[in-house]
Structure formats: structure tokens, C-alpha cells
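Shown next, in C-alpha cells, is the structure this report addresses.
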Amino acid sequence: MKSKSLVSINQCSKEDILRILENARKFEENPNRKILEGKVAATLFFEPSTRTRLSFETAINRLGGRVIGFQDASTTSSSKGETLKDTILMVSNYVDLIIMRHYLEGAARYASELTDIPIINAGDGANQHPSQTLLDLYSIQQTQGKLTDLSITMVGDLKYGRTVHSLIAGMSHFNPTFHFVAPDELRMPDEYKNFCDQSGIKYYEHTDFTEEIINQSDILYMTRVQRERFTDLEEYERVKNVYILWNKMLENSRENLRILHPLPRVNEIAYDVDDSPKAYYIQQARNGLFAREAIICEVLGINHLI
Ligand code: CP
């Protein structure tokens with residue numbers, strides 16, 4: 001990677017992505033390697049998280065480093081009015097790496113411009129979630145045996161969903177075909193469709209979530225309608241349960257189909273899908289540990305995985 005921070009998946013070349021995935025595979029073989037001994041990382045979470053924070057913190061622990069940070073900014077001096085700039089400058093005094101999630105789009109990039117300490121974007125508003133994309137790519141590669149020429153159907157909140165926005169960019173190196181399934185209120189923004197057009201990527205938009213679409217997919221990427229992104233809660237109530245995947249809808253799906261979801265889920269995947277061999281979302285979250293170990297090594301310039 002050109003920058004030592006990871007603020008956007010767009011900064012990763014195809015070679016960067018393949019190298020990180022190869023290192024993730026090595027970490028899956030052995031996640032416990034004392035590479036970060038003597039190093040301290042900070043996890044600064046201005047928005048709630050279960051998987052991203054805990055898998056990053058597990059990754060640091062398994063690599064022999066130490067973690068400081070917060071999961072609730074209301075317990076920090078931000079609640080007294082301290083700016084993000086001052087918070088980043090303070091934490092930079094103490095640590096070797098900052099992993100941050102923030103509700104403002106561009107917050108991680110801004111932070112990376114303030115400090116020489118590497119910043120990993122753990123999600124910035126509706127913009128990007130690059131570490132999720134790398135674990136998604138790892139999951140796709142592991143389940144399909146390849147990344148190229150796949151049909152990927154994204155379902156749900158495609159307007160505010162930072163995971164789908166990042167995944168489009170991450171997959172753009174691998175000749176995907178996308179199906180975007182969303183209600184009119186949550187359609188994929190023009191910015192990402194324009195990116196597909198400019199990159200020669202085929203995509204189709206749908207408002208109905210049909211078995212016909214499922215049956216031509218290799219990956220079904222379900223997403224949650226995110227209550228926290230809506231300013232109009234009546235609109236949220238109208239669309240919150242618009243698509244629900246039931247096990248019976250998978251009857252004629254491809255053998256290789258795998259169902260991914262960045263999680264948390266609310267109602268969009270029925271619990272009867274969990275027993276399907278095509279359900280992969282729990283393993284996907286587990287892959288987050290291996291991908292994040294690889295990402296930490298990448299931003300810290302550690303090439304030798306002892
Ligand atoms: N996928 C994801 O970002 O999950 P969390 O919000 O639990 O971190």
C-alpha cells in the first residue's frame with residue numbers, strides 16, 4: 001500500500017489485496033505469532049461494534065501486543081467537547097497504531113492526516129469499512145476457490161451500507177457481475193454505479209428479491225437496514241423488513257452459493273437459514289480475525305510473519 005494507514009479499500013492495489021489475503025491464510029493456519037511484542041494499539045470506537053472491535057483486539061492480543069482504548073466515547077473527554085483532532089493527537093502520544101470507528105464520513109482520513117501513527121478505518125459513517133471488505137474477500141476466496149468472474153448479489157440497505165460500498169471497490173479488480181436489490185429509498189448511490197460504469201463492471205438493479213436472482217448468484221450478500229442512519233424514522237419503519245431470506249428460497253440455488261452478511265442481522269436472514277450449508281456468515285466473522293491480523297502487519301510494515 002502507498003500509505004501506511006488503511007482508510008479506504010480504494011488505496012489497495014490488486015497485488016496489495018492478494019498479499020493481505022495470502023497472509024490472512026497463514027494466520028488462519030496459526031493465529032498466535034508474537035509479532036507485536038512491545039507494541040501498543042488503541043481502539044477508538046465512537047460508534048457501537050461487536051465484531052470489528054473484538055476481532056481487532058483479539059488480533060492484537062494473539063500477536064503479542066497490548067490494547068488501550070474505548071468503546072463508548074461518552075466516557076472520554078469528547079463528551080466535554082474535546083475535538084477529534086485533539087483526541088487523535090493525544091492518543092498518538094501513547095501508541096503505535098490507532099484503529100478507529102467514527103460516525104462521520106472521512107473521519108479516518110482526517111485522522112490519518114493529523115498523525116504519523118498508522119490509522120485503520122474500522123468504519124466511517126456510510127462511507128467505507130475496508131477491513132470488513134478484506135475479510136469479505138477472504139471469505140469469498142475461501143468459499144469459491146477464486147475471486148474472479150463471480151456473480152454477487154447485494155441485498156438491503158445499499159444506500160447507507162458502507163460494507164457494500166467498500167466491497168464494490170474491492171471486487172473491482174476481479175471482473176464481478178453485481179445484482180443490487182434494494183427498495184427505491186435505499187438504492188445504490190450513483191457514485192458507486194458510476195464507479196462500476198467507469199470500471200467496466202456489469203450491474204443490474206432490482207426492487208424485488210426473487211429466487212430467480214438468488215439462483216444466478218455465487219454470493220448472496222445480505223445487509224441490515226440500519227436504523228441509526230435514518231433521519232426520518234417513519235421511512236425506516238416502512239423499509240426495515242422489506243427483504244427476508246428464508247431457507248426455502250435457496251432450494252434451486254447454485255451448489256457453490258454462499259450467504260454472507262457483515263452482521264449484526266436483525267430480521268433479514270431467518271433463523272432457519274443458519275442450518276443450511278450455504279450459510280457462511282458466522283465463519284465470515286471468524287475470518288475477520290485472520291484478515292485483521294494481516295492488515296495490522298501490513299500497516300506496520302511487518303513482512304516477516306514469524
Ligand atoms: N460487521 C461489523 O462491522 O460488525 P460490528 O458493527 O459488530 O463491528
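Ligands are counted one by one from 1 in listed order, and the atoms in each one are counted from 1 as well. Counting begins at 1 with the first residue of the sequence.
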Would the distance check show the side chain of Arg33 and the main-chain N or O of Leu305 forming a donor-acceptor pair, the cut-off being under 3.5 Å? yes
Which atoms from ligand 1 have a heavy atom of Thr50 less than 4.0 Å away? 5 (P), 7 (O), 8 (O)
Hey, which atoms in ligand 1 end up nearer than 4.0 Å to a heavy atom of Pro262? 1 (N), 2 (C)
To check you understand the geometry: which heavy-atom pair defines the closest contact between Arg162 and His102, and what is its length? NH1-O, 4.4 Å
Per-atom filter on ligand 1: closer than 4.0 angstrom to a heavy atom of Thr52 are 2 (C), 3 (O), 4 (O), 5 (P), 8 (O)
Side chain, backbone, both or neither: the part of Thr163 lying under 4.0 Å from ligand 1 by heavy atom: neither
Would Arg25 count as a cation-pi partner of Tyr138, with NZ or CZ less than 6.0 Å from the six-membered ring centre and within 45° of the ring normal? no
Against heavy atoms of Gln132, which atoms of ligand 1 measure under 4.0 Å? 1 (N), 2 (C)
Cation over ring face, Arg62 and Phe27, 6.0 Å, 45°: no
Within 4.0 Å of some non-hydrogen atom of Leu263, the atoms of ligand 1 are 1 (N), 2 (C), 4 (O)
For Pro31 versus Glu28, what's the shortest heavy-atom pair and its separation? CD-O, 4.2 Å
Compute the minimum heavy-atom distance from His129 to ligand 1 and say whether it is under 4.0 Å. yes
Examine the side chains of Arg292 and Ser55 and answer whether a donor and an acceptor come within less than 3.5 Å of each other. yes
Which of these, Arg101, His261, Arg51, Arg53, has its nearest heavy atom closest to atom 3 (O) of ligand 1? Arg101
